[in-house]
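Worksheet for the structure shown next.
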Protein chains: 2
Amino acid sequence: METRVSDPSPHILVVDDHRDIRETLARYLIKNGLRASTAENAAHARKALKAASVDLVVLDIMMPGEDGLSLCRHLVETGAMPVILLTAMADDTDRVIGLEIGADDYVTKPFNPRELLARIRAVLRRTSLAPRERDPIEQELLHFDGWSLNVSRRELKDADGTSVALSSGEFQLLCTFLKRPKMVLNRDQLLDLTTGRTPAVFDRSIDNQVSRLRRKIEADPKDPKMIKTVWGGGYMFTADVKDQAE
Amino acid sequence: METRVSDPSPHILVVDDHRDIRETLARYLIKNGLRASTAENAAHARKALKAASVDLVVLDIMMPGEDGLSLCRHLVETGAMPVILLTAMADDTDRVIGLEIGADDYVTKPFNPRELLARIRAVLRRTSLAPRERDPIEQELLHFDGWSLNVSRRELKDADGTSVALSSGEFQLLCTFLKRPKMVLNRDQLLDLTTGRTPAVFDRSIDNQVSRLRRKIEADPKDPKMIKTVWGGGYMFTADVKDQAE
DNA sequence: GGAACTTGTAACAAAGTGTGTCGGGACGGC
DNA sequence: GCCGTCCCGACACACTTTGTTACAAGTTCC
């Protein structure tokens, strides 16, 4: 009755070009019951976001290469992922820009880890319960091989328009694939991305879910065309995915 | 700008240390047929309360100097003056404290002026200081999948316009969903948001209310389209919600 | 006080999911 | 090709979560 599958501890991605900062911070977060990953620049951060399920990003605004701000903008615009910015100084400009772009909070360096932790918790609480603004209802519709998946309605329809019921696990798995087409994902990644769990020793749950999903969406589940098995590597979604507004 | 001698329209005092917020809000209230005054801190608020007949106070809980909470406590204890709190964030602590002290309602910043107006009217009506509105312009109407819910009248109508009776628990649950569409809410959150209770060990009351609500609003309660179950996670309202003036 | 209604609790049925096992197939060395 | 080893698909089964019904306690309104 204790550890429920539904709430694995939140996963924080720390993006900072200073190694000591990001590692210390990650250790501190983990010690306090969160999960944490690190990335040293925007490019690595993007990869990490694709490969694992992240609940919140702590982002240094001043980084070489792609600017932290542009990554932040991207995150806020696309994924509705909460972002906390780290700014070098208590510079009002940074602050205003950051909050304007849509960052959920910001912390100035040098910061107190405990304060940052408190803000992380506050943002997570807020984003998980705050009433939704009622403006842009974006119908996320994903098309692949005649199928169409309405992500916000959790509805899958075949070429004829008849809807096929998906269980939560199947829906989650399909979403994971559709967001990362033509990309080999191993079982651990899939498990993390779909449920947030860490793999057991001999974990066959992903195999099972893949099998169940294939039975529903493959013409011939024995000879899958969309969800291909990569021997020794995991699975890969091979169909073309087009997202298209309604 | 405000005092017309025998004007029965309710008088609202807005107390907030941010000038732009209180002025914008006051203008908005006036534009919508109320009288409004402003105060930038607790001391000014006390003076204003002595100087004019005020029907309701909108109070920022976070202010320098005398705390908003202490003013709130004073108001509630002495004058039976209705108070609506503004809180900086959806912070449970603030909320609990505020309602414990006796505030009549609370709104989290950033807030929708229209929502605040609706709550002001609701509180005034409740405390029976305001006559019934003459024209129901500001009835909050929420539309979803052919249905429409009149929040202030607690009235649900289907596509044909025939109304369906909801119990208060069902109404509360529906409101909670409509305010947070496309968002997974677990049972504890739903219980808190609808009743404010803390969950019992094996609490199935939410399941039951969901089931009852589905029976009323889903075309096929066995295959619900709007209130989807997230296995291991809770429930999610998947229909598009549009709010629309009458 | 009683009827109608609402709501929480218990109990059972149904669905979703993870684990274990078995057998077939892929891979690599011969 | 042959064969051992490992990986994967499928199935059965246990277990958890959820849907639904029934019922009792509480409430409201005559």
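Every chain is numbered from 1, with letters handed out A, B, ... down the list of sequences.
A salt bridge links Asp240(B) with Arg153(A): at least one charged nitrogen is closer than 4.0 Å to a carboxylate oxygen. A salt bridge does not link Asp220(B) with Lys225(B): every distance from a Lys NZ or Arg NE/NH1/NH2 to an Asp or Glu carboxylate oxygen is 4.0 Å or more.
Taking atom CZ of Phe202(A) as the reference point, atom P of dC8(D) lies 13 Å away to the nearest angstrom. Rounded to whole Å, the distance from CD on Gln209(B) to C1' on dT18(D) is 16 Å. Rounded to an integer number of Å, the gap from Ile227(B) CD1 to dT18(D) P is 15 Å. Rounded to an integer number of Å, the gap from Leu213(B) CG to dT6(C) P is 13 Å. Taking atom CZ of Arg197(B) as the reference point, atom C1' of dT9(C) lies 11 Å away to the nearest angstrom. We find that CG of Asp220(A) is positioned 10 Å from P of dA10(D), with the value rounded to whole Å. Between the P atom of dT20(D) and the CG atom of Asp207(B) lies a distance of 10 Å, rounded to the nearest Å. With rounding to whole Å, Leu166(A) atom CG is found 14 Å from dA15(C) atom C1'.
Within a 6.0 Å sphere centred on NZ of Lys157(B), heavy atoms belonging to other residues, nucleotides or ligands number 12 at most.
Side-chain N/O atoms of Ser205(A) include none lying less than 4.0 angstrom from OP1 or OP2 on dG16(C). Dashed line: the shortest gap from a side-chain N or O of Thr229(B) to OP1 or OP2 of dG19(D) is under 4.0 Å.
Residue-to-nucleotide contacts include a donor-acceptor pair under 3.5 Å from the side chain of Arg204(A) to the base of dG9(D).
As judged by a 4.0 angstrom heavy-atom cut-off over every strand, Arg215(A) is placed among residues making no nucleic acid contact. Heavy atoms of Ser211(A) sit under 4.0 angstrom from primed sugar atoms or phosphate atoms, though from no base atom. Using a 4.0 Å heavy-atom distance criterion, Arg212(A) is classed as a base contact. Tyr235(A) comes within contact range of the sugar-phosphate backbone alone, with a heavy-atom separation under 4.0 Å but no base atom that close. Asp203(A) comes within 4.0 angstrom of sugar-phosphate atoms only, judged by non-hydrogen atoms across all strands, and of no base.
Taking the six-membered ring wherever Trp is involved, the centroid distance between the rings of Phe237(A) and Phe144(A) falls below 6.0 Å.
Side-chain contact check for Ile12(A) versus Val58(A): some heavy-atom pair is nearer than 4.5 Å.
Annotation: of the two residues near DNA chain C, Asn208(A) and Ile206(B), the 5′-most nearest-nucleotide partner is Ile206(B).
Checking dA26(C), dG20(C), dT18(D) against the side-chain heavy atoms of Trp231(A) singles out dA26(C) as nearest.
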